[in-house]
Amino acid sequence: MTQEELFKKLVAHCKEYGFIFPSSEIYDGLGAVYDYGQNGVELKNNIKRYWWDSMVKLHENIVGLDAAIFMHPRTWEASGHVGAFNDPLIDNRDSKKRYRADVLIEDWLAKQDEKIEKEVEKARKRFGDSFDEEKYRATSPRVAETAAKRDAVHTRFAEALNANDLAELRQIIIDCEIVCPISGTRNWTEVRQFNLMFSTQMGSTADGASTIYLRPETAQGIFVNFLNVQKTGRMKLPFGIAQIGKAFRNEIVARQFIFRMREFEQMEMQFFVRPGEEMRWWQQWKETRMAWHRALGFGDDNYRFHDHDKLAHYANAATDIEYNFPFGFKEVEGIHSRTDYDLGRHQEYSGKKIQYFDPELGQSYVPYVVETSIGVDRMFLQIMSAAYTEEKLEGGEERVVLRIPAPLAPTKVAVMPLVKKDGLPEVAQRIIDMLKFDHNVAYDEKDSIGKRYRRQDAVGTPLCVTVDHQTLEDNTVTVRHRDSMAQERVAIDALPALVEAEVSFRSLLSKVKA
Ligand code: GAP
């Protein structure tokens with residue numbers, strides 16, 4: 001199965017099992033907007049909890065905030081979003097399809113990397129045990145040629161982005177002979193800038209309505225509340241403010257399911273530090289955030305850092321944590337050193353002093369900011385991509401299992417009476433009543449036990465508890481584990497401790513360096 005086929009299956013699975021539906025589907029959906037179903041909302045809430053607890057619970061110097069989506073329009077002038085929150089877009093005249101020029105080039109660069117990796121793999125097979133990968137990479141003329149071509153384009157690309165040179169971006173697309181995936185032609189328009197912010201009106205027109213924006217990032221709600229939180233919380237630098245909330249971007253090219261949406265959710269933390277200390281904190285937060293991702297156990301090699309080719313208007317350092325999605329390594333989270341740009345600009349535009357008095361230095365200054373910013377939906381897709389597994393079982397049977405880390409699973413335990421009679425459903429209900437105050441528990445009495453296991457595997461339930469006739473005699477049940485499919489006989493009284501040990505956030509959080 002190709003990665004593309006796998007991804008298609010994953011998208012279908014998300015719908016079939018109540019994780020994700022197209023928004024307003026009965027009206028044929030709305031581009032790049034999605035709804036989360038009964039299982040999706042649970043997984044999403046658990047992702048948010050994992051993030052929130054790792055920030056706010058594990059750090060004494062990080063507190064939370066929930067700012068409004070609507071903000072004073074001057075906010076977005078000060079932040080630079082009105083002037084500079086643009087994507088370069090290009091159209092193919094034959095297919096009439098619109099693309100992000102930078103993404104077309106990034107995809108071309110990624111293809112060159114793939115070409116190099118394929119060469120290396122071919123050589124590995126050819127040379128067998130005697131293969132010296134380092135030497136091969138350094139000496140193979142084919143690898144050298146592709147790498148040189150790639151690096152030259154990469155340099156041009158970074159320079160064009162930083163100089164905002166739209167004509168050069170187009171020229172790179174032409175020179176690299178990039179074709180439209182739909183029409184297959186190179187009949188490209190000029191590259192134009194496109195502002196990504198959605199706007200709407202506040203107040204009635206008669207009253208003199210004003211244009212306001214749907215926030216394109218949650219961060220600005222944190223910046224404008226910096227003094228409120230610092231003063232009322234008596235916070236001392238360094239300290240952080242964490243927030244989870246919706247953000248909106250009129251994405252030109254919304255592809256790959258929930259990877260790029262027009263309405264999405266962000267989990268952002270702004271960490272305020274002394275000027276001059278930002279690089280140390282940026283390094284520290286890179287490590288902490290990477291540990292948070294790797295603690296999920298999806299394989300360390302599937303994550304990597306990727307430094308930005310173009311720094312945003314507010315940043316002096318920026319890197320992404322990328323995950324190896326079925327469609328290649330792509331950004332899940334950004335870690336940005338935002339200098340004193342935002343607080344400084346809000347100070348300038350509002351006319352209000354936004355400074356911190358540092359008692360140790362005996363002076364006031366505008367703090368610097370290191371931000372960690374991750375999309376909830378993108379994290380959701382990352383987990384689903386990593387968790388979706390098709391397995392062949394003994395006897396030729398197949399199962400689809402979502403290997404979602406147990407604390408994040410939508411349902412933690414499914415309780416199943418072997419038959420719908422003889423008092424077994426009543427015992428199952430008593431077990432549910434015992435567990436439901438602490439965990440999401442499901443009841444399932446339909447079909448054979450095998451079919452019921454398959455249903456729970458498909459939504460990632462880590463534990464199934466079967467009540468049978470022996471239960472009536474000795475108060476024991478069968479516990480079946482999702483990943484190993486191993487079964488054990490356990491006393492009903494022992495269930496709360498067993499479930500807790502398997503699904504608690506404690507073990508997951510303790511792997512994250514605080
Ligand atoms: N405050 C900084 C900021 O917003 P960003 O790199 O534009 O930085 C941060 O976005 C994260 O938000 C991304 O790494 C991604 O996970 C998520 N994100 C951004 N745009 C998105 C979109 N259109 N759909 C889904 N997630 C998105």
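Whatever order the structure lists ligands and atoms in, that order sets their numbers, starting from 1.
For atom 9 (C) of ligand 1, the nearest non-hydrogen atom of the protein is Ser373 OG, 3.0 Å. Scanning the protein for heavy atoms near atom 12 (O) of ligand 1, the closest one is Gln266 NE2, 3.3 Å.
In this structure, Phe257 has its ring center under 6.0 Å from that of Tyr34. Residues Phe272 and Tyr356 keep their aromatic ring centres 6.0 Å or farther apart. Ring centers of Phe325 and Phe327: under 6.0 Å apart, within the cut-off.
Contacts between Glu251 and ligand 1 below 4.0 angstrom, taking non-hydrogen atoms only, involve the side chain exclusively. Proximity of Arg338 to ligand 1, defined as any heavy-atom pair under 4.0 Å, is confined to the side chain (atoms from C-beta onward).
The existence of a salt bridge linking Glu117 and Arg137 is confirmed by a sub-4.0 Å separation between a basic side-chain nitrogen and an acidic carboxylate oxygen. With respect to Lys246 and Asp377, no salt bridge is recorded, no charged nitrogen being found less than 4.0 Å from a carboxylate O. Asp87 and Arg249 are not joined by a salt bridge, as no carboxylate oxygen comes within less than 4.0 angstrom of a charged side-chain nitrogen. Ion pairing between a basic and an acidic side chain is recognised when a charged N comes within 4.0 Å of a carboxylate O; Arg74 and Glu77 show such pairing. Between Lys330 and Asp320, no side-chain nitrogen of the basic residue sits less than 4.0 Å from a carboxylate oxygen of the acidic one, so the salt-bridge criterion is not met. Taking a cutoff of 4.0 Å between a charged side-chain nitrogen and a carboxylate oxygen, Glu268 and Arg215 do not qualify as a salt bridge.
Across Arg378, Glu331, Gln382, heavy-atom proximity to atom 6 (O) of ligand 1 is greatest for Glu331. The residue from Gln220, Arg249, Glu263, Met379 that puts a heavy atom closest to atom 20 (N) of ligand 1 is Arg249. Of the listed residues (Phe264, Phe259, Phe85), the one carrying the non-hydrogen atom nearest atom 18 (N) of ligand 1 is Phe264.
At under 3.5 Å, not a single nitrogen or oxygen of Asp377, backbone or side chain, sits near a nitrogen or oxygen of ligand 1. For ligand 1, the polar-atom distance check finds an N/O of Glu268 within less than 3.5 Å of one of the ligand's N/O atoms. The shortest N/O to N/O separation between Gly375 and ligand 1 falls below 3.5 Å. Considering backbone and side-chain atoms alike, Glu371 places an N or O below 3.5 Å from some N or O of ligand 1. Some N or O of Met261 is nearer than 3.5 Å to an N or O of ligand 1, by distance alone. Residue-to-ligand polar distances place Val332 within reach of ligand 1: an N/O pair is separated by less than 3.5 Å.
Residue Glu217 has at least one heavy-atom neighbour below 4.0 Å for each of these atoms of ligand 1: 1 (N), 2 (C), 3 (C), 4 (O). Under a 4.0 Å criterion applied to the non-hydrogen atoms of Glu333, ligand 1 contributes the atoms 14 (O).
Within the structure, the salt bridge (charged side-chain N to carboxylate O under 4.0 Å, His left out) test picks out the following pairs touching residues 20-43 (sequence neighbours left out): Lys15-Glu25.
Residue His336 places a heavy atom less than 4.0 Å from ligand 1.
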